[in-house]
Amino acid sequence: MAKKTAPAATPTTTAPVAIPEAVVRTMIVCVTDELSPVLGSTRQLERHLGVSGTTCSRYWARTGLYPWQRRQLIDLRTAKTGPRYCAGGPIRLLDLAGMRHGAYVGASVRHAHWDRVVAGTKAATPWPVFLQRHLSDPSGYPMDTATAEFHRQPRVQAMRMHNAATHGPGQLDLGDLEMLQAGASAYANYHALWALCTDAFLTESGDRMQPASAFFADRITYLEQAARHLDSLDESQRLFAVDLHHA
């Protein structure tokens, strides 16, 4: 009796899982001494840096600078109180430690406020999870459905209700949900590092660092790399903050 052979398995194909891209709005650029004054006067960032954007006055200038030192800073702004902001300059003239500390304290206060707003609600699934499902199957899981299911979660509803009743800087960023749920220390440290490295970092050799995806784990990996690179730079290195333009 001939031995029967099992029928060949029918190959199955699965749709590739899409990865939601990180949102990159602001970039830190390492620039040369010669290029710094050109950037401050022409704003031709596309030509000189290969990026499309405008200067972003986010750095704190050190206090007690001499006039000749202030001239080395890009777009230095006047201020009656608080730190003087600029778009960049040599590291030695920037108050990076003050920026980091200020961001940490501010984030700690926001987390404590968020904790009160969402008290009694269960942990929510962050938006990138819904976005990934939509990107992997746009027709089967439309964006409207993804948004509705994200908004339907009690914790997200608590944040949205707070924002609806709050005007100005007291609003809570739904995009920070994953970081907020990681705990007060993680949230504060994230913003402390983000204050210095923002969303992306263009090194002096032209290498671009940014998160591999919108998920918090990849943001952490990016900030680890960018902060390590920033710490390795000489104090004479000029940093420049850019708000990127998107098509």
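Using modelled atom types, one side-chain atom of Arg84 and one backbone atom of Arg77 make a donor-acceptor pair closer than 3.5 Å. Proximity of a side-chain donor or acceptor of Arg70 to a complementary backbone N or O of Leu65 within less than 3.5 Å is detected. Judged by distance alone, the side chain of Arg155 and the main-chain N or O of Thr121 form a donor-acceptor pair under 3.5 Å. Gln153 contributes no side-chain N or O that, together with a main-chain N or O of Ala124, makes up a donor-acceptor pair within less than 3.5 Å. A donor-acceptor pair is defined here as one N or O able to donate and one able to accept, closer than 3.5 Å; such a pair exists between the side chain of Gln132 and the backbone of Ala18. Glu224 places no side-chain N or O within donor-acceptor distance of the main-chain N or O of Arg219, the cut-off being under 3.5 Å. Here the side chain of Gln69 pairs no donor or acceptor atom with the backbone of Leu93 at under 3.5 angstrom.
Between atom NE2 of residue His113 and atom OG1 of residue Thr166 there is a gap of 6.0 Å, rounded to the nearest 0.5 Å. Between the CG atom in Leu193 and the OG1 atom in Thr198 there is a gap of 11.5 Å [rounded to 0.5 Å]. Separating the OH atom in Tyr59 from the CD1 atom in Ile28 is a distance of 3.5 Å, to the nearest 0.5 Å. Of the inter-residue distances, the one linking Cys56 atom SG with Leu244 atom CG reads 9.5 Å to the nearest 0.5 angstrom. For the atom pair CG (Leu174) and CE (Met159), the distance works out to 5.0 Å, reported to the nearest 0.5 Å. If you take CG on Asp199 and CG on Leu223, they are separated by 9.0 Å, rounding to the nearest 0.5 Å.
Contact between Ala22 and Ser213 at its shortest, heavy atoms only, is CB-O, 3.3 Å. Of all heavy-atom pairs spanning Thr125 and Leu177, the tightest one is O-CD2, 4.1 Å. The two atoms that bring Ala107 and Ala188 nearest to each other are CB-CA, 3.7 Å, heavy atoms only. Among all heavy-atom pairs drawn from His134 and Tyr141, the shortest one is ND1-O, 2.8 Å. For the pair Ala195 and Arg58, the tightest heavy-atom approach, listed with the atom from each and the gap, is O-NH2, 2.8 Å. When all heavy atoms are compared, the tightest approach of Gly89 to Leu73 is CA-CD2, 4.0 Å.
One hydrophobic cluster holds both Ile220 and Leu180 under the rule that ILVMFWY side chains link at heavy-atom gaps under 4.5 Å. Cluster membership for Leu202 and Val23, using ILVMFWY side-chain heavy atoms within less than 4.5 angstrom, is not shared. Note on Trp194: it clusters hydrophobically with Met99, by side-chain heavy-atom contacts below 4.5 Å among ILVMFWY residues. Put simply, Leu172 and Val105 are part of two different groups of oily side chains (I, L, V, M, F, W, Y) that touch within less than 4.5 Å, one to the next. Put simply, Phe215 and Phe130 are part of two different groups of oily side chains (I, L, V, M, F, W, Y) that touch within less than 4.5 Å, one to the next.
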*Start with the C-alpha gap between Leu96 and Ile91, add the side-chain angles, then the distance that decides, and say whether side-chain contact (heavy atoms from CB on, under 4.5 Å) holds.*
CA-CA 8 Å; Leu96 300 185; Ile91 291 176; 4.0 Å; yes
*For the pair Ile74 and Arg238, evaluate side-chain contact (heavy atoms from CB on, under 4.5 Å) and give the outcome as yes or no after the intermediate values.*
CA-CA 10 Å; Ile74 304 172; Arg238 282 174 161 78; over 6 Å; no
*Kindly determine whether Tyr187 and His191 satisfy ring pair (Phe, Tyr, Trp, His ring centres under 6.0 Å), including the steps that lead there.*
CA-CA 6 Å; Tyr187 184 70; His191 278 281; 4.6 Å; yes
*After noting the C-alpha distance and the side-chain angles of Trp127 and Thr147, does the key distance pass the side-chain contact (heavy atoms from CB on, under 4.5 Å) rule?*
CA-CA 8 Å; Trp127 169 246; Thr147 303; 3.8 Å; yes
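Considering only heavy atoms from C-beta on, Leu233 comes within 4.5 Å of Cys30 through its side chain. Taking 4.5 Å as the limit, every side-chain heavy atom of Arg71 sits out of range of all side-chain heavy atoms of Leu76. Side-chain contact check for Phe240 versus Thr55: some heavy-atom pair is nearer than 4.5 Å. Counting heavy atoms from C-beta outward, Glu204 and Asp234 have side chains that stay 4.5 Å or more apart.
Within a 6.0 Å radius of CZ in Arg92, more than 12 heavy atoms belonging to other residues, nucleotides or ligands are found. The neighbour count for His151 NE2, taken as heavy atoms of other residues, nucleotides or ligands under 6.0 Å away, is above 12. Under a cut-off of 6.0 angstrom, the local environment of CD in Gln171 is crowded, with over 12 non-hydrogen atoms contributed by other residues, nucleotides or ligands. A 6.0 Å sphere centred on CZ of Arg160 holds no more than 12 heavy atoms belonging to other residues, nucleotides or ligands.
Between Asp75 and Ser57, the side chains place no donor N or O within less than 3.5 Å of an acceptor N or O (distance only, hydrogens not considered).
Checked against Tyr190 for a ring-ring contact (aromatic ring centres under 6.0 Å, His included), the options Phe216, Tyr104, Tyr222 give a single hit: Phe216.
Using cut-offs of 30° and 60° on the angle between ring planes, the pair His111 and Trp114 is tilted.
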